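Comments concern the structure below.
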Amino acid sequence: MTTTATESAARSRIPAVPGAPLLELRDLVMHFNVKGEGMLIRANNKVRAVDGVSLTLGEGETIGLVGESGCGKSTTGRLITRLLQPTAGQILYRGHDIAKLSEPKLRPYRRELQLIFQDPYSSLNPRHTVGTIIGTALRVHDLVPKGEELPRVRELLDIVGLNPEHYNRYPHEFSGGQRQRIGIARALAVKPKVIVADEPVSALDVSIQAQVMNLLEDLRKEFGIAFIFIAHDLGVVRHFCDSVAVMYLGRIVEQGARDVVYGAPQHPYTQALLSAVPDLGVARGTPPKARIRLSGDVPSPINPPSGCRFRTRCWKAEDICAQVEPKLERKADGLLSACHFAAPPAGSLTAQVD
Amino acid sequence: MVLYILRRIASAISVIVVTLIASFGLFYLAPSDPAGVICGAKCPPARYQEIADSLHLDRPVYQQIWEYLHGLVLGTDVVSGGQTVHCAAPCLGYSYVFGVPVTTLIMHALPVTISIVFGSAIAYLCIGTLSGIFAARRRGTYLDRTIVGGTLTIGSVPYFVVALLAALYIPTLIPIVPQAKWVPLTESPLKWFLGLLLPWIVLGIVNSASYTRYSRASMIESLSEDYVRTARAKGISERRVVYRHGLRAAVTPLATIFGLDVAFALTGAIFTEQIFGLPGLGVVTLRAFDKYDLPVLMAGVLIGAVVLVIMNLLVDILYTILDPRVRLS
């Protein structure tokens with residue numbers, strides 16, 4: 001990897017407000033309007049996809065965002081990169097609120113906040129060459145003089161481990177893993193400070209997942225890019241992230257340093273999630289750990305339960321859970337939990353990976 | 001690519017020959033009386049027989065087909081009006097009614113039809129695609145619904161009603177637009193343009209209704225593709241997102257329909273030509289049908305087949321430009 005890429009990756013065009021973190025979400029809310037049933041009078045329902053999410057990301061940090069399907073992880077990612085406009089709340093990038101900015105004013109921020117998409121098949125335009133896909137970003141943000149995108153495109157392809165000579169090929173000529181590398185090269189092209197990786201490996205098979213994860217790891221070390229890593233694979237998050245936030249029905253229910261969340265989570269939902277991770281130790285002869293089985297489905301985000309949103313599936317739930325919504329509070333060193341009955345698990349939840 | 005085109009042309013020729021043989025058989029087996037048409041109402045039997053002989057109507061059908069194809073490729077001698085004339089290739093025969101080579105008739109009518117078809121195509125492609133994109137980007141709003149409702153209204157009124165009303169009212173209400181009149185382009189480009197303005201407007205508005213709907217539907221689909229989101233994430237302008245990413249994908253189905261529409265229209269915009277009094281292919285074919293003028297009818301069929309095959313080939317080649325995943329082989 002070349003020095004030019006490393007040097008300029010460290011610069012940012014946006015002056016920071018003193019004391020402000022790299023990225024901060026404050027009570028972020030995203031409600032989608034949906035039409036209810038009925039011939040004449042339709043109830044205007046709201047899907048509360050994200051309902052008050054707060055998060056802080058420092059320079060070069062990685063936060064893992066985990067949770068079941070439909071808990072609002074991807075929506076949060078799209079809000080941060082402003083592919084969606086939040087209903088309420090603030091998105092502070094270096095202290096500047098970008099939640100309500102218009103598209104032209106947003107453009108310099110788009111350079112700093114990039115997204116890696118989940119599906120490497122549909123997220124690349126099949127009618128454009130790889131050179132165009134990566135080069136457009138360079139051109140739009142005036143990163144290279146006009147007509148001189150090619151050397152940089154080839155450099156980027158080299159960085160993500162693709163053959164630089166393949167710039168004039170089309171996406172369908174690459175495999176899934178290679179296409180995801182193209183997506184990564186595209187995100188890297190504008191030298192972002194933050195990359196939101198929206199399940200970047202879940203569409204890939206396991207051997208390729210490892211390659212792509214190692215590539216992301218290298219890029220993080222090389223360029224000091226901060227990551228928001230959205231995944232439902234807890235193993236991948238443990239491998240990649242400094243800290244973890246667990247989401248349930250549009251809210252963060254538990255958040256903390258990786259080792260604390262994985263070692264001694266206090267929220268029942270996190271405990272249930274971790275106990276569901278397949279245990280390789282069983283195959284080696286150790287007795288299987290106790291698994292917490294949750295019954296039922298995630299409630300509808302149109303009409304979430306009162307009080308604690310997890311109470312309908314929680315074995316610890318009592319009356320207070322339906323009446324008072326638990327706040328996200330500090331429960332242990334490096335751990336925030338939103339539960340009235342937060343407590344460390346009785347035994348070990350996860351198999352020892354190392 | 002060159003090999004592919006050559007192969008397509010070869011198969012196109014076989015399609016055209018089969019079409020010709022089939023329609024030739026149908027026309028000549030039908031209970032028509034070409035000799036009677038040529039001879040007129042009070043026809044002496046001797047004259048009638050003479051004409052029938054000169055037309056080779058007594059020969060078997062397959063021989064007549066062979067002679068027709070032979071004339072088409074190499075030229076032939078034809079008996080017309082009691083005289084033997086040489087008809088150079090491509091010989092489409094002599095009109096029974098007018099006694100002139102069919103090629104001459106076609107050559108007079110074709111520029112009219114081509115002018116109408118391509119002029120109106122530009123009009124309805126522009127109006128249709130732009131309003132389709134406009135509606136797709138405002139999907140679900142009142143503007144969108146108004147446009148969709150408008151296209152339904154236009155689409156449900158029969159075309160000849162719209163055309164007749166337009167021919168009657170537009171020149172009186174909007175004096176800038178004159179009555180339709182055919183003036184060859186070579187004679188006076190301005191008069192050519194003004195004379196065709198009215199049919200272009202009418203055809204443009206009527207056809208743009210369906211193109212609005214097609215382009216709206218395929219734009220809605222292409223704008224919801226994941227790679228459009230990728231494009232937005234790059235920070236490129238909305239106009240670029242819509243045209244470079246959205247429209248580029250939406251154009252493929254439009255090209256298919258457009259190729260077929262133009263091919264059909266080129267065989268004769270019968271209503272348009274008749275209502276606006278333009279001497280195009282449609283009028284020529286219609287008149288030939290009335291009079292059992294078989295050589296002219298055959299020429300109409302031939303042109304139709306050729307145009308359809310060419311348009312399909314062009315559309316297939318266009319696909320490879322629009323979508324690099326399509327490979328011709």
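Lettering follows sequence order; numbering is per chain, from 1. In this text, all values refer to a predicted model and were calculated from it rather than measured experimentally.
Looking at Ala249(B), both its backbone and its side chain come within 4.5 Å of chain A, counting heavy atoms on both sides. At a 4.5 Å heavy-atom cutoff, the contact between Leu83(A) and chain B is made by side-chain atoms alone.
For the side-chain contact (heavy atoms from CB on, under 4.5 Å) test, residues two or more places apart in sequence or in another chain that qualify with Ile303(B) are Ile106(B), Leu281(B), Val307(B). With sequence neighbours excluded, the residues that form a side-chain contact (heavy atoms from CB on, under 4.5 Å) with Val2(B) are Leu6(B). Considering only residues two or more places apart in sequence or on other chains, Ala123(B) meets the side-chain contact (heavy atoms from CB on, under 4.5 Å) condition with none of them.
Residue with the most contacts toward chain B among Leu113(A), Val190(A), Ile133(A): Ile133(A) (heavy-atom pairs, distance under 4.5 Å).
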Between chain B and chain A, are any donor-acceptor pairs under 3.5 Å, and how far apart is each one to 0.1 Å?
unit_1	atom_1	unit_2	atom_2	d
Asp226(B)	OD2	Ser122(A)	OG	2.6
Tyr227(B)	N	Ser122(A)	O	3.1
Thr230(B)	OG1	Ser123(A)	O	2.6
Arg232(B)	O	Arg110(A)	NE	3.3
Ala233(B)	O	Gln114(A)	NE2	3.2
Lys234(B)	O	His141(A)	NE2	2.6
Lys234(B)	NZ	Ile133(A)	O	2.8
Gly235(B)	O	Arg107(A)	NE	2.9
His245(B)	ND1	Asn125(A)	ND2	2.9
Arg248(B)	NH1	Arg127(A)	O	3.4

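Contact record, Pro126(A) with Pro324(B): O-CG, 3.3 Å, taken as the closest heavy-atom pair.
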